[in-house]
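Everything below concerns the one structure shown next.
In each ligand, atom 1 is the first atom listed, and ligand 1 is the first ligand listed.
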Amino acid sequence: MDSRRRVPRTDTVLADARLATAAETLGRTRVKAVINAAQERARQGEIRPEDVTDAALAALSKGPTSLRSVINATGVVLHTNLGRAALSPAAVDALVSAAGHTDVELDLATGRRARRGRGTLEALAAAVPGAAAVQVVNNGAAALVLAATALAAGREIVVSRGELVEIGDGFRLPDLLSSTGARLREVGTTNRTSLADYAAAVGPGTGFVLKVHPSNFVIRGFTAAVEVAELATLGAPVIVDIGSGLLAADPLLPDEPDATSALRAGAALVTASGDKLLGGPQAGLLLGDAELVERLRRHPLARALRVDKLTLAALEATLRGPHSPTWAALRADPADLRVRVKELCRVLGGTHVLGDSDARVVPSVAVVGGGGAPGLELESWALSLPERLSAPLRAGDPPVVGRVERGRLLLDLRCVPPELDTALACAVRRAATCT
Ligand SMILES: *Cc1c(COP(=O)(O)O)cnc(C)c1O
């Protein structure tokens, strides 16, 4: 018989108890769509008609949306393609409880409108006592755009040529800033900029002096840059884009600028991201002078850049913290990582799906990633596997993303929470079995 005619009808598949339950929780539309996709695969001969139900169940098990939760074994702590910071369980709880109706803009005591996200702003202000005022927007780029629009549209932003950063995916800070109607006044050279360079450019047309942290590259050799404290003597407001969201100095990251130090050095305003070293949700932080922050808050554009209640909830939980997974990944002890990799290797060796020399314990170098601390190398350990496992591991459930180095696939454990080791071992075993 024509296999097309043997493909089970949607109602027949939906009669399966597991799919019927799924339809109750996820909605009939979603479950039907998954069944239809499985039926189509059967019509195309990709799967057998009798496997339509299993294929639909497998598709649903991958998660409620097209976004897949993955195991980050790249050794890159803040990987933009993998959603940067993983949220702490406390932040996840906060997200979930804020998902319904909340008092985000209502004072329950008086029944009147209240300042949106006041609890989050209080937590941020408490974390950075040196900031007279704080505000939260959609992301780091939005914080800069708001500052440039409100404080420098039609005027000049004085910035060093060594700090005109491309953030990623082709987006460049100079283009972003120019798009606001502010004019960039570039000073100095790629490798060296002096206080005199800035001084010669600052004048009545200056909106502000901008200092940008080159968060994803380093320039070595014959270099010179000007400290915030010196820029603060020029008479124009100094805005410091620290990028990473480090709120106070961290001995682990000695070269990474932080909000507290920048403000103490005289910055009028600091901008930063919420989902880099701070370890929170995507957000843009604005900290500093009360009058400037109020101007930004009142600017019409602020309404277009505001954050939703989910972000406010997750950010507040991150700030009030237990430590974030980012914090833990940065501080993981290499000796512990080595023990975990050895154990993985032992478990996999016992399965005989991998040859004796296929899985090896190797030293690795992890990095912070585009989120900050360029050039900082974190000693780490990895499970080294044949490169051919790379694609099946990415396609697995859960998907595992490692990094390929000299013809081997390395699964670096620095960013893998220990509780996922068993899931990781199972994923490797499945990938090895199917290749
Ligand atoms: C990451 C970064 C940005 C952009 O922040 P987003 O939160 O990604 O919008 C801007 N400036 C610097 C220095 C950065 O590192």
Side-chain angles (χ1 to χ4, degrees), residues 76-87 120 124 134-149 152 157 159-180 182 184 193 208-219 225 228 231 238-247 250 253 255-259 261-262 267 269-288 296 301-302 304-308 310-312 314-315 318-319 324 326 330 367-376:
V76 180
V77 179
L78 296 164
H79 199 305
T80 298
N81 300 162
L82 298 179
R84 291 195 186 149
L87 294 180
T120 310
L124 182 56
V134 299
Q135 183 59 12
V136 178
V137 291
N138 183 54
N139 59 8
L144 271 179
V145 163
L146 184 57
T149 309
I157 298 174
V159 61
S160 162
R161 290 198 169 88
E163 297 174 1
L164 298 173
V165 178
E166 174 168 321
I167 329 177
D169 195 22
F171 288 104
R172 298 170 167 179
L173 284 192
D175 298 341
L176 189 77
L177 293 167
S178 306
S179 75
T180 66
L184 282 195
T193 303
F208 57 83
V209 173
L210 177 64
K211 185 163 177 66
V212 180
H213 175 46
S215 56
N216 52 12
F217 69 98
V218 276
I219 298 185
V228 176
L231 294 177
V238 178
I239 298 189
V240 182
D241 174 16
I242 60 168
S244 73
L246 206 57
L247 299 182
D250 185 341
L253 308 163
D255 298 326
E256 195 62 15
D258 67 278
S261 307
L269 211 55
V270 169
T271 67
S273 298
D275 56 354
K276 294 181 179 173
L277 290 170
L278 182 61
Q282 178 187 304
L285 315 181
L286 285 152
L287 309 117
L296 302 192
L301 185 62
L305 305 177
R306 83 174 190 188
V307 286
D308 76 329
L310 302 180
T311 302
L312 289 167
L315 182 60
T318 303
L319 288 163
S324 68
T326 302
L330 288 172
V367 294
V368 174
L376 182 79

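Atoms of ligand 1 lying under 4.0 Å from any heavy atom of Gly243, numbered from 1 in the order shown and given with element: 12 (C), 13 (C), 14 (C), 15 (O). The Gly140 neighbourhood of ligand 1 comprises atoms 5 (O), 6 (P), 7 (O), 9 (O), with distances under 4.0 Å to a heavy atom of that residue. Per-residue contacts place Lys276 under 4.0 angstrom from the following atoms of ligand 1 (heavy atoms of the residue considered): 1 (C), 2 (C), 3 (C), 5 (O), 14 (C), 15 (O). With ligand atoms numbered from 1 in the order given, ligand 1 contributes 1 (C), 2 (C), 3 (C), 4 (C) to contacts under 4.0 Å with heavy atoms of Ile167. Atom numbering of ligand 1 starts at 1 in the shown order; those under 4.0 Å from a heavy atom of Ala141 are 4 (C), 5 (O), 6 (P), 9 (O). Residue-ligand proximity, His213 to ligand 1, at heavy-atom distances under 4.0 Å covers atoms 13 (C).
Of the N and O atoms on the side chains of Glu163 and His213, not one donor lies less than 3.5 Å from an acceptor on the other residue.
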What donor-acceptor contacts under 3.5 angstrom involve side-chain atoms of residues 169-178, with partners at least two apart or in another chain?
| unit_1 | atom_1 | unit_2 | atom_2 | d |
| --- | --- | --- | --- | --- |
| Arg172 | NE | Glu166 | OE1 | 2.7 |
| Arg172 | NH2 | Glu166 | OE1 | 3.1 |
| Ser178 | OG | Pro174 | O | 2.8 |

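The residue Glu163 has no part lying near ligand 1, judged by heavy-atom distances below 4.0 Å.
Between Ser244 and ligand 1, a contact under 3.5 Å exists for no N or O pair.
Checking side-chain atoms of Ser273 against main-chain N and O of Asp275 turns up no donor-acceptor pair under 3.5 Å. Using modelled atom types, no side-chain atom of Thr326 and backbone atom of Ala85 make a donor-acceptor pair closer than 3.5 Å.
Arg84 counts as a contact of ligand 1, since one of its heavy atoms falls under 4.0 Å from the ligand.
Selection from Ile242, Asn139, Asp241 by nearest heavy atom to atom 10 (C) of ligand 1 gives Asp241.
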Leu210/Leu144 under side chain to side chain contact (heavy atoms under 4.5 Å, CB included): CA gap, chis, key distance, verdict = CA-CA 10 Å; Leu210 177 64; Leu144 271 179; 4.1 Å; yes
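The distance from atom CG of Leu184 to atom CZ of Arg161, rounded to the nearest 0.5 Å, is 10.5 Å.
The side-chain hydrogen bond (donor to acceptor under 3.5 Å, both in side chains) search around Asn139 returns none, not counting sequence neighbours.
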